[in-house]
Amino acid sequence: IMHTLTFNHYREIMKSIKKNGYKSVRFYEEYEGKQVLVRHDIDIDLDSALQMAKIENQEDIKATYYLWINSPFYNIFEARYRNIINEILELGHDIGLHFDETAYEINNKEEILYWINKECNLINNYFDISIKSVSFHRPSQYVLQGDLDLGEYVNTYSNKYFKEYKYVSDSNGVWREGCGCNLFNENKYDRIQLLTHAIWWKEEDLDGDHRLDEYVQFKVDKLEEDLSKNIKRYKPNNYKLKE
């Protein structure tokens, strides 16, 4: 198998979960057997996230998608992105909160909980769901080492999910310990937490810089279209970032 960050290879990873006898479970579920927690932190790209959600659904895998309410890259209340989120829910996946501590003046755990509650309530009310788990955006040492009890929410950074589970991530578009598919095929660990970031996954295999260039071009085109829809006299200039 080519270990590329393509949707085709993502399907191979999902197939290897089932083939090797793992069950995809939610963070809040108790399950005794071989299991994987499939987690997506959506920092930037909800479009690619939807493609991954469709593949998981076809392969009978349940995942959790963590939404970042302060993201400068997407607005969860915009019709386009709201529809994507609803489609991810319809595909049988969970939504969690991707919480950014740096968005607020936070001095203690009570304040972290206060803002997590506020953000969860906002998403819950808008999408008629009930968020059960929280992942942190670029977690501080306080979060990484604090093993914070988040009350009614599962903390994906709690010791349990790092000590009792083998953790593997594609951070910055790189598998630090080799592709996630190896873990399932090796059958060495009974519990795995698989974290991906949708921005790195595409139809074809691009290096990280080309992926980001492609995304920036998409945002420029979208911005022009949104402007022209809202300001009649604005005529798109069809900016091309790179010829």
Residue of the set D170, D45, I55, T4 for which side chain to side chain contact (heavy atoms under 4.5 Å, CB included) holds with W201:
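Only match with W201 under side chain to side chain contact (heavy atoms under 4.5 Å, CB included): D170.
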
Would you indicate whether the side-chain heavy atoms of [Y] and [X] approach each other to under 4.5 Å?
X	Y	result
K166	K188	no
I199	I42	no
F99	H137	no
Y165	I192	no

Would you mind telling me which of Y153, Y28, Y66, Y161 makes a side chain to side chain donor-acceptor pair (under 3.5 Å) with S133?
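Among Y153, Y28, Y66, Y161, the one meeting side chain to side chain donor-acceptor pair (under 3.5 Å) with S133 is Y66.
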
Any chain of hydrophobic side-chain contacts (each under 4.5 Å) joining V220 to I231?
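In one cluster with V220: I231, yes.
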
Aromatic plane relationship, Y157 with F162 - under 30° parallel, 30 to 60° tilted, over 60° perpendicular
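If you compare the ring of F162 with that of Y157, the planes turn out parallel.
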
Whether W115 and Y104 hold their rings parallel, tilted or perpendicular, with breakpoints at 30° and 60°
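Taking Y104 first and then W115, their aromatic rings lie parallel (interplane angle under 30°).
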
Count the heavy atoms belonging to other residues, nucleotides or ligands that lie under 6.0 Å from [atom1] of [X], then report whether that count exceeds 12.
X	atom1	answer
E186	CD	yes
E203	CD	no
Q217	CD	yes

Which pair of heavy atoms, one from E101 and one from R138, lies closest together, and at what distance?
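Here E101 and R138 meet closest at OE2-O, 4.2 Å.
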
Salt-bridge contact [X]-[Y] (side-chain N to carboxylate O under 4.0 Å):
X	Y	result
E225	K229	yes
E56	K62	no
R26	D94	yes
R191	E32	no

For [X] and [Y], does a side-chain donor sit closer than 3.5 Å to a side-chain acceptor?
X	Y	value
N237	Y239	yes
Y65	H93	no
D41	S135	yes
N155	K160	no

Assess K23 against Y31: is NZ or CZ under 6.0 Å from the centre of the six-membered ring, and within 45 degrees of the ring's axis?
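The answer is yes; both the distance and angle limits are met.
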
Do Y126 and F77 have their ring centres less than 6.0 Å from each other?
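Ring-ring flag for Y126/F77: true, centres closer than 6.0 Å.
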
Residue among K202, K219, R80 satisfying salt bridge (Lys or Arg N to Asp or Glu O under 4.0 Å) with D47
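It is R80, the one option of K202, K219, R80 that forms the salt bridge (Lys or Arg N to Asp or Glu O under 4.0 Å) with D47.
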
Keeping T156 on the side-chain end and V134 on the backbone end, is there a donor-acceptor pair under 3.5 Å?
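Pair found, side chain donor or acceptor close to backbone of V134.
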
